[in-house]
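Inspection log for the structure reproduced underneath, given as structure tokens.
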Amino acid sequence: MKLAIVRQTYNPNGGAERFVSRALNVLAQDRELDVTLIARQWENAAGWHTLTVNPPFRNRQAREAGFAQEAARHFSAFDLVQSHERIPGASVFRAGDGVHATWLEQYNRILPPLKRWAQSFSAYHRYILQAERDMFTHPALRNVICNSVMVRDDIARRFGLGPEQLTVIYNGVDTSVFHPSVRENNLRDTLGIPQNAPVLAYVGSGFTRKGVSVALNAVAAHPDVWLLIAGRDKQARKFIAQAERLGIAGRVKFLGPVDNILQVYGTADALILPTLYDPFPNVCVEALACGLPLMTSHQCGAAEWIKEGENGWVRDALDVAGYQQAISQWLAGRVAGQDYAANARRTAEPYTLERMASELQSLYRNLLGS
């Protein structure tokens with residue numbers, strides 16, 4: 001079976017790209033699959049073919065449209081095309097980035113009125129919204145892979161797809177690598193963090209979208225809690241200044257992009273991600289697999305896995321008081337001997353890379369009638 005996977009670029013800090021890398025690595029081991037990646041640029045191939053499609057760059061909208069047009073020209077050469085981009089004509093779409101219309105609605109919650117008004121006239125957003133609608137209503141589309149029930153239900157509501165067209169396949173994780181044993185290799189001594197101090201970790205790029213400001217305000221109410229912030233953001237200085245204004249700069253560590261994310265998980269006791277919108281971040285399943293309970297938002301697909309007070313807490317993305325309360329409950333549970341690490345690990349353990357690959361392969365075979 002000739003399978004094409006479509007994703008524009010590789011970013012080692014990007015959750016969607018990490019999913020594609022993991023999927024490629026496991027699917028390439030299937031001798032019944034001939035896998036080709038269609039991309040503008042990617043990491044080195046290992047077991048699959050790479051078809052480079054890289055139209056000249058003029059602006060963001062032209063880049064999206066140019067890649068979509070050039071990539072679509074190759075679709076007929078494959079039995080199945082699984083696109084991770086909003087390109088009409090693919091047989092399978094993985095909605096790893098969720099629904100753009102929903103993201104804009106959530107983002108508008110934090111924009112001042114003038115910027116909301118200006119955004120409504122954005123040519124780029126209008127292009128993405130139209131491409132999204134064209135893709136979901138295209139007759140070639142046979143199935144949408146959703147990485148959460150949240151995304152599945154949103155697509156069904158907005159675009160009228162039936163349950164037979166929507167398949168939930170959660171992100172897989174290497175549970176032998178992402179494991180509670182990461183605590184044996186941590187950064188506490190390097191960062192000057194007391195060994196017994198409670199530490200929260202935030203992991204991800206795009207600090208505004210993923211709630212770094214809310215996390216800082218939540219931590220400010222708890223003088224013994226430290227916060228690690230791992231990821232890239234062009235406006236990082238703004239959040240560093242916020243930590244200084246709040247008087248918590250001494251116990252907030254901005255790490256920037258981190259090569260070995262396992263050390264961050266090994267240093268922390270819990271993950272905090274008050275994200276405005278995230279279909280299902282890889283960092284959530286990674287952190288849970290490492291034994292970190294999760295504090296996240298209702299707008300995050302990983303909230304589906306959370307049992308309040310057992311393996312995490314779920315609040316609205318902008319509910320600072322709610323996250324302050326969640327941290328209080330977490331601290332009290334630690335004192336009482338609550339085994340958050342074991343509960344978190346049990347949550348993620350079933351979601352292996354092998355399970356993800358098996359579910360993908362089963363879907364492909366069903367679509368091809370074999």
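Residues: numbered from 1 along the sequence shown.
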Enumerate the salt bridge (Lys or Arg N to Asp or Glu O under 4.0 Å) contacts for [range], please, sequence neighbours excluded, ordered by first and then second residue.
range	answer
residues 98-112	E105-R158, R109-D316
residues 121-144	R86-E132
residues 65-84	E70-R73
residues 188-216	R188-D269, R209-D278, K210-D278

[X] and [Y]: which non-hydrogen atoms are nearest, and at how many Å?
X	Y	answer
A197	D224	CB-O, 4.4 Å
A289	A348	N-CB, 3.5 Å
A344	G291	CB-C, 3.7 Å
F67	P55	N-CG, 3.6 Å
N171	P281	ND2-C, 4.2 Å
S297	V314	C-CG1, 3.6 Å

Validation row: [X], [Y] side chains within 4.5 angstrom (heavy atoms):
X	Y	answer
T267	T190	no
F207	Q235	no
N311	L294	no
K2	T36	no
N260	N185	yes
S91	L367	no
V173	N282	no
H74	V53	yes

May I ask you to say whether R345 pairs ionically with E349, meaning some side-chain N is under 4.0 Å from a carboxylate O? yes
Selection residues 133-176 - residue pairs positive for ring-ring contact (aromatic ring centres under 6.0 Å, His included), sequence neighbours left out: F93-F136, F136-F159, Y170-F280, Y170-W305, Y170-Y351
Begin from the C-alpha positions of H49 and D34 and carry the test side chain to side chain donor-acceptor pair (under 3.5 Å) through to its verdict. CA-CA 8 Å; H49 316 290; D34 182 4; 2.9 Å; yes
Between [X] and [Y] (side chain of the first, backbone of the second, donor and acceptor by atom type, cut-off under 3.5 Å), is there such a pair?
X	Y	value
S328	Q324	yes
N186	R183	yes
Y323	T296	yes
Q61	Y127	no
Y277	V99	yes
R94	H84	no
T9	R40	no

Indicate if [X] and [Y] have the same hydrophobic cluster label, given that clusters are the connected sets of ILVMFWY residues with side-chain heavy-atom separations under 4.5 angstrom.
X	Y	value
V182	Y340	yes
W48	I38	no
V81	V144	no
Y364	V6	no
V177	V283	yes

Q242 and K238: side chain to side chain contact (heavy atoms under 4.5 Å, CB included), yes or no, with the steps? CA-CA 6 Å; Q242 180 185 352; K238 179 179 77 172; over 6 Å; no
[atom1] of [X] to [atom2] of [Y]: how many Å apart, nearest 0.5 Å?
X	Y	atom1	atom2	value
N143	T167	CG	OG1	3.5 Å
T208	K234	OG1	NZ	12.5 Å
L51	I5	CG	CD1	13.0 Å
Q299	T275	CD	OG1	8.0 Å
R334	N196	CZ	CG	8.5 Å
L3	L33	CG	CG	6.0 Å

Indicate the ring-plane relationship of Y265 and F178, choosing parallel, tilted or perpendicular according to the 30° and 60° boundaries. perpendicular
Report the C-alpha separation of L191 and L255 in whole Å, then their side-chain angles, then the decisive distance to 0.1 Å, and conclude whether the side chain to side chain contact (heavy atoms under 4.5 Å, CB included) test is met. CA-CA 10 Å; L191 297 175; L255 306 177; 4.1 Å; yes
Is there a side chain to side chain donor-acceptor pair (under 3.5 Å) between Q325 and R315 once you walk through the steps? CA-CA 10 Å; Q325 177 200 49; R315 302 290 184 266; 3.1 Å; yes
In sequence, state the C-alpha distance, the side-chain angles, and the governing distance for E64 and R60, and then conclude on salt bridge (Lys or Arg N to Asp or Glu O under 4.0 Å). CA-CA 6 Å; E64 296 283 338; R60 188 164 61 154; over 6 Å; no
Any residue meeting ring pair (Phe, Tyr, Trp, His ring centres under 6.0 Å) with F121, in chain and number order, not counting sequence neighbours: W117
Is there a side chain to side chain contact (heavy atoms under 4.5 Å, CB included) between M1 and E32? Walk through the geometry before answering. CA-CA 6 Å; M1 175 170 58; E32 296 181 14; over 6 Å; no
Is the number of heavy atoms from other residues, nucleotides or ligands within 6.0 Å of CG (N59) greater than 12? yes
Test side chain to side chain contact (heavy atoms under 4.5 Å, CB included) on L227 and I272; report intermediate values, then the result. CA-CA 9 Å; L227 176 63; I272 184 167; 3.9 Å; yes
Quick one, R346 with N343, criterion side chain to side chain donor-acceptor pair (under 3.5 Å). Give me CA distance, side-chain angles, the key distance, then yes/no. CA-CA 5 Å; R346 277 194 293 270; N343 293 341; 2.5 Å; yes
Quick one about Q119 and N108 (side-chain donor to acceptor, distance below 3.5 Å, no hydrogens or angles considered), yes or no? yes
